[in-house]
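Letters A, B, ... are given to chains in the order of the sequence lines, protein chains preceding strands, and every chain is numbered from 1. Just so it is clear, the structure is predicted and the values come from calculations on it, not from any experiment.
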2 protein chains.
Amino acid sequence: MTETTPRQRARIETEAQIAAIGNRMVDDDGVDGLSLRAIARELGVVSSAVYRYVKSRDELLTILIRDAFTQIADAVDEALAGHRSVETLALAMLEWSRGHPNRWALIYGTPITDYEAPREQTVVPGTRIMVKLAEMVAETRNDAEAAPESGAKPRGSVATSESSGRQRQSMVAALQPLRQGLDELGLDYDDHVILETITIWVAVVGLINGLRFGQFGPGFDDVEDDLMSGVVSRLGE
Amino acid sequence: MTETTPRQRARIETEAQIAAIGNRMVDDDGVDGLSLRAIARELGVVSSAVYRYVKSRDELLTILIRDAFTQIADAVDEALAGHRSVETLALAMLEWSRGHPNRWALIYGTPITDYEAPREQTVVPGTRIMVKLAEMVAETRNDAEAAPESGAKPRGSVATSESSGRQRQSMVAALQPLRQGLDELGLDYDDHVILETITIWVAVVGLINGLRFGQFGPGFDDVEDDLMSGVVSRLGE
DNA sequence: CTCAAATCAAGAGCAGTGCTCACTATTGTT
DNA sequence: AACAATAGTGAGCACTGCTCTTGATTTGAG
């Protein structure tokens, strides 16, 4: 057992405190409100002291971003444990965004200027939900193939309208980067599943962004969930 | 004819210069790079002097936001004049976002902390595209009703799956705020059109955000248009 | 137990930001 | 020519991230 000296304990304690205060500051005032000097003040310490624990503001940002990705993915997982459906996933994301609007913006809004999230630290937690969605979409598709119950199921309708052949061709290339990303996680889906996944994903994230960022104007506070359900069900036809 | 004195001319000239420099700064370094002091420097004037022309940084922001909304809406209109379709609209937005990523973020990304865009100055230019989209969706629907050519057209499929009745009910309430917004612009559409419009809208904006903000990882530079076409066509089934 | 090494905190300082205020130039009007 | 409106100046306040030197404290090895 690697024993921890009191100093080490104090260190990780302080680091945790800094992250906690930082999270609270983002929650309260957005990412612009995140100030190392203010954190120092709150810790009752001079400003330069916090640089002993975080190398820079950007490093703290990375921690907060990783935290946020993990939190929302956990929340979604928990919700899906109750009822596994795309709607549940979407509503769980929406719910989390409502509780932490500024944290939502931190991960799904405009990236911070001159800050590049180190992919090796953020990719895995940042893709958990989308991967889950792809899984579920793939399952649904398998179910449909195994038991095609209604003629209304849009099987061949993918290749409707003109230019279907060319479309199919170029689609493969267009989906290549995403397929590659899934590959690296050991997943392999066909084009239809990937396109379906990305469509649902951008719609869900787009709707939440619109609501959180006030792009649709006011008056949506009481109908957010219904709107999301409406959009998701429209997508599921 | 109200004649303009040289001084007035110089004034609006300087105002235009400030806006132009501001736009360039946002284009180059994002909204965080917008600095009144830097503008003053570029104008060869002391920093406090610019406050003669803009009351505050926020006021300049409002100007830039209004500009951006107008520009992208103009670009979309121009594209639609060539070929009127949802895909054209989506691709035009995507194209504009590619040319002005930071301006895109300014209007469709995370809102600026402690800044509230004065609605009376931004609502009209900010809703032009969405209104156009609603128009087009409504037209398509009318066409489908006037000439129902294929049985594949999803007429009754709106009320599929369980809970259709309740769904329909709550949908009306959920769409109420949007309907109200359209009402104020003298437009009146039924629930189906509104839901369809918002679904397409959030998907298109969501996809562009994902691409611009790098949320899907790298490797999409050459396939953006195809991806958008794929998503839009998937939505149009 | 002592003493050097590692760690931590302090405080001053640099360069940058938005914004205000008192003051001086310049310009336009009567 | 005198007066008022406008334009520009420069100092200053409060804030930010970050660095560097100096001093205090804890740690572990001899």
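The separation between A:Asp58 atom CG and D:dT16 atom C1' is 14 Å, rounded to whole Å. Across the protein-nucleic acid pair, A:Tyr51 atom OH and D:dT21 atom P stand 17 Å apart, rounded to whole Å. For B:Ile112 and C:dG18, the CD1 to P distance is 14 Å, given to the nearest whole Å. Note: CG (A:Leu34) to P (D:dC15) measures 17 Å, nearest angstrom.
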Per-nucleotide protein contact along nucleotides 4-13 of chain D, 5' to 3', at a 4.0 Å heavy-atom cut-off (B base, S sugar-phosphate only, - neither), is --BBBBB-B-
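Counting heavy-atom neighbours within 6.0 Å of A:Glu116 CD, excluding the residue itself, gives a total of 12 or less.
Nearest heavy atoms, B:Thr88 versus B:Ala79: CG2-O, 3.6 Å.
Of the charged side-chain nitrogens involved, none lies within less than 4.0 Å of a carboxylate oxygen, so that B:Glu135 and B:Lys132 do not count as a salt-bridged pair. Between B:Arg103 and B:Asp67 no salt bridge is recorded (no basic side-chain N to carboxylate O distance below 4.0 Å). Ion pair A:Arg212/A:Glu224 flagged as a salt bridge, since at least one NZ, NE, NH1 or NH2 atom sits closer than 4.0 Å to an Asp/Glu carboxylate oxygen.
Shown are B:Val231, B:Leu195, B:Leu133, B:Val205; of these, the side-chain contact (heavy atoms from CB on, under 4.5 Å) with B:Ile200 is made only by B:Leu133.
Across all strands, B:Leu60 comes closer than 4.0 Å to no nucleic acid atom at all (heavy-atom distances). Residue A:Leu43 is out of contact with every strand shown, counting any heavy-atom pair closer than 4.0 Å.
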